[in-house]
Amino acid sequence: MFKDALYLLEAVYELNEMGFLCSLFEIFGFAIGVPVGLLVGFVLFIYSEPAHVKDPIIKPLHELDSNALHDLLDEIPQWIKNPDYDRVDWLNKFLSDMWPYLDKAICGMIKSTAEPIFADYIGKYQIQSIEFESLTLGTLPPTIYGIKVYETNEKVLVMEPIVRWAGNPNVTVLLKFPFLQMNVQLVDLQIFAAPRVILKPLVPTFPCFASIVVSLMEKPHVDFGMKIFGADLMAIPGFYQYVQETIKKQVASLYQWPQTLEIPVLDSSVAVMEKPVGILHVKVVKAFKLLKKDLLGTSDPYVKFGLSGDRLPMKKTSVKMNNLNPEWNEQFKLTVKEPETQLLQLHVFDWEKVGSHDKLGMQVVPLKLLNPNETKLFRLDLLKSIDPNESQSKKKRGQLVVELAFNPFREGSDECSGCSDGYTRMENGSGGVSEGMALSGAGLLLVVVQGAEDVEGKRHNNPYALVIFRGEERKTKMIKKTRDPCWDEEFHYMLEEAPVNDKIHIEVLSKRTVFGFQFKESLGHVDINLIDVVNNGRINEKYHLINSKNGVIHVEIRWRTI
């Protein structure tokens, strides 16, 4: 056993001797190898000639193989792949020059929008405060890879840009807890989206559209980095894909077509072009104790009335000669656009054969006092004026008795009830009213003559439109010296039944006056069957004018039932 122990000690000694020698050789090799390697590398760097760098080979797209072409497809702009898209380098240059100012403006909007949201979380989950430590969208603006603009008959502008933004934003949010401060930083944001942008309605008030409606035509691509305490959470395996897919689904559920995001630009009271919502039935019954204006101690009264904010001519009753207590019992109909704000203005005049008619008194009735489909009797004390700043005389001007009833149009009788797009043209039965609803009862026929294109006379071009319906003639204003007039005038027709068997005749005429004589010339006409209007609720079309070489007229017609 003693010998075995000696052999073991000798073996351990030999191993220690070998380990020491190995370590010594390693240090010696490192001390010699590093200087020699640096010397050899320096010699090669100084005396070796650089290889010639070849210029990249540029080939047309049609000469690339399938693999190379497939790799490039995502980077090719839409204006190259699709002829419907236009190249907009000028717009990208505009965004580039404006980006520093847009950055500040957008960041200001983000901050003002986010601060109330942050305030809701203060006190929850032991959060003491939430604030932006830094907020900037970076120096790289979005790039528009092409834009597509739609031609429509509506008062809207529809465009679809392809937007790509590989930005370098620095958005840092600081969360303060009782014993901790947490920095959440958003970096390296990439967004690829194909939105549809609709400016509607187009109005004659700057900036000429009332709102911006945005919807996404496909799911957007969103990529970004998120750092907490300097560590990128997106580097966690599986977390990146989960967050990206979740954001895509949430954004798509909110804004992917047919969902929309509407951004108001103008105040609704200024910008919105109101459409008729119902009919006001007015029955002028009688009047009592009117003022004496004639020399014989009597008056020849009549009533003239209309709705506030209405561009249509005012209605008026017949004249009752030599009567201070006239009875009319005459009924009229007016179209209502804003029942909550419009007023019925009534004026009583004394008719004069020569000169202006004397005013006997006036009064107004707010339509908000009326309940739908209920008749209400009003006995109104006539006033000199409704202006509160004008002093009223103590002289009594008599009373006027009227019956009023507001009948709103049936729900679903408007053309927009079935339209999913602001620019959809009603060319079929979809989105219209039901046949039974359309063919029953009274209603309003609204004809809007928008304008014409390429109308040309042989001797002059001063076009106006003549609308003839059931023998009644209406005219638009005349626009001088143009082949593309824009009238944008509407005409209302109150009907007791749907005009299923009627046509409307529209003719474009040109007129010139020479030495007191008027010379008229027809520039073309069109006859429109109203059966399609009744069935669909609305048509909005451009019609080729008969007896015109290239003339086209743009007409919108609506039918609303009570």
Side-chain angles (χ1 to χ4, degrees), residues 276 279-338 341-367 369-370 375-406 464 467 471-478 489-494 516 518:
I279 293 179
L280 178 67
H281 295 263
V282 180
K283 182 178 181 181
V284 182
V285 183
K286 55 186 176 180
F288 296 101
K289 300 180 181 179
L290 298 177
L291 292 179
K292 302 175 183 179
K293 289 292 183 178
D294 294 342
L295 295 177
L296 300 178
T298 183
S299 293
D300 306 321
Y302 70 93
V303 181
K304 190 175 182 180
F305 56 93
L307 290 173
S308 61
D310 200 342
R311 297 184 299 174
L312 299 176
M314 298 184 74
K315 306 282 187 179
K316 60 182 180 180
T317 65
S318 59
V319 179
K320 298 298 181 180
M321 305 298 293
N322 303 320
N323 198 333
L324 299 179
N325 299 286
E327 292 188 11
W328 288 284
N329 291 313
E330 297 179 10
Q331 299 186 14
F332 304 87
K333 297 176 183 177
L334 301 174
T335 57
V336 178
K337 295 181 178 180
E338 288 290 337
T341 59
Q342 280 188 295
L343 307 173
L344 176 64
Q345 301 173 342
L346 300 127
H347 302 264
V348 182
F349 289 93
D350 174 37
W351 180 82
E352 296 291 344
K353 188 174 183 180
V354 179
S356 62
H357 300 177
D358 295 328
K359 187 175 181 179
L360 300 178
M362 69 165 300
Q363 191 54 273
V364 298
V365 180
L367 298 191
L369 300 178
L370 302 176
T375 302
K376 192 171 183 179
L377 182 69
F378 290 86
R379 185 184 292 266
L380 307 172
D381 293 323
L382 295 176
L383 304 175
K384 180 181 179 181
S385 172
I386 60 172
D387 187 356
N389 297 322
E390 185 176 348
S391 60
Q392 299 287 341
S393 63
K394 296 182 180 179
K395 183 190 300 183
K396 293 185 178 181
R397 296 176 173 273
Q399 293 181 329
L400 178 66
V401 180
V402 293
E403 284 185 1
L404 305 179
F406 171 58
Y464 67 95
V467 181
E472 183 180 355
E473 295 186 359
R474 308 277 186 91
K475 296 179 181 180
T476 68
K477 60 180 177 291
M478 182 180 67
E489 294 190 32
E490 59 183 44
F491 306 100
H492 295 180
Y493 300 90
M494 300 290 183
Q518 290 187 351

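Predicted model, so just to flag it, every value in this text is computed and none were measured.
- Checked against ring-ring contact (aromatic ring centres under 6.0 Å, His included), Phe406 has no partners two or more places apart in sequence or in another chain.
- Distance NZ/Lys376 to CG/Leu369: 5.5 Å, rounded to 0.5 Å.
- When the shell of 6.0 Å around NZ of Lys304 is examined, it contains 12 or fewer heavy atoms from other residues, nucleotides or ligands.
- Shown here is Lys359, whose NZ atom has more than 12 heavy atoms of other residues, nucleotides or ligands within 6.0 Å.
- Taking the six-membered ring where the residue is Trp, Tyr302 and Phe349 present parallel rings, their angle staying beneath 30° rather than reaching 60°.
- Remark: side-chain polar atoms of Asn325 are not paired, donor with acceptor, to backbone N or O of Phe288 under 3.5 angstrom.
- Side-chain atoms of Gln342 come within 3.5 Å of backbone N or O of Lys337 as a donor-acceptor pair.
- Under a 3.5 Å cut-off, the side chain of Ser308 and the backbone N or O of Leu343 do form a donor-acceptor pair.
- Take Glu330 and apply the side chain to side chain donor-acceptor pair (under 3.5 Å) test, not counting sequence neighbours, and it matches Ser318.
- Residue Thr335 comes nearest to Leu307 through the heavy atom pair O-CD1, 3.1 Å, listed as atom of the first residue, atom of the second, then distance.
- The structure places NZ of Lys286 at 6.5 Å from CZ of Arg379, a figure rounded to the nearest 0.5 Å.
- Scored by the side chain to side chain donor-acceptor pair (under 3.5 Å) test, Asn323 finds no partners at all (sequence neighbours excluded).
- Summarising the geometry of Gly306 relative to Met314, their closest heavy-atom pair is N-CE, 3.4 Å, with the distance given to 0.1 Å.
- Listed for the Glu403 side chain is no donor-acceptor partner under 3.5 Å among the backbone atoms of Val285.
- Remark: side-chain polar atoms of His347 are not paired, donor with acceptor, to backbone N or O of Met362 under 3.5 angstrom.
- With sequence neighbours excluded, the residues satisfying salt bridge (Lys or Arg N to Asp or Glu O under 4.0 Å) with Lys333 are Glu496.
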Just do the side chain to side chain contact (heavy atoms under 4.5 Å, CB included) check on Val402 and Val303 with the steps written out, would you? CA-CA 11 Å; Val402 293; Val303 181; over 6 Å; no
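- The distance from the NZ atom of Lys283 to the CZ atom of Phe378 is 15.0 Å, given to the nearest 0.5 Å.
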Side chain to side chain contact (heavy atoms under 4.5 Å, CB included) between Leu367 and Leu404, intermediate numbers included: CA-CA 9 Å; Leu367 298 191; Leu404 305 179; 5.5 Å; no
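- Side-chain N or O atoms of Ser299 include one that pairs as donor or acceptor with a backbone N or O of Leu291 at under 3.5 Å.
- For the side chain to side chain donor-acceptor pair (under 3.5 Å) test, no residue two or more places apart in sequence or in another chain qualifies with Tyr464.
- Under a 3.5 Å cut-off, the side chain of Asp300 and the backbone N or O of Asn322 do form a donor-acceptor pair.
- For the residue pair Val348 and Leu400, the shortest heavy atom distance occurs at CG2-CD2, 4.2 Å.
- Looking at every heavy atom in both residues, Glu327 comes nearest to Lys320 through O-CE, 3.1 Å.
- Listed here is the closest heavy atom pair of Pro301 and Leu360: CB-CD1, 4.1 Å.
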With side chain to side chain contact (heavy atoms under 4.5 Å, CB included) as the criterion, how do Leu383 and Arg397 come out once you've worked through the C-alpha distance, each side chain's angles and the decisive distance to 0.1 Å? CA-CA 7 Å; Leu383 304 175; Arg397 296 176 173 273; 5.6 Å; no
Could you check Gln345 against Val364 for side chain to side chain contact (heavy atoms under 4.5 Å, CB included), going step by step and ending with a plain yes or no? CA-CA 5 Å; Gln345 301 173 342; Val364 298; 4.0 Å; yes
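- Within the 4.5 Å cutoff, the side chain of Leu290 has heavy atoms near those of the Leu382 side chain.
- Gln331 contributes atom CD, which lies 9.0 Å from atom NE2 of His281 (distance to the nearest 0.5 angstrom).
- For the salt bridge (Lys or Arg N to Asp or Glu O under 4.0 Å) test, residues two or more places apart in sequence or in another chain that qualify with Glu472 are Arg474.
- Considering every non-hydrogen atom in both Phe332 and Lys315, the closest pair reads CD2-CB, 4.3 Å.
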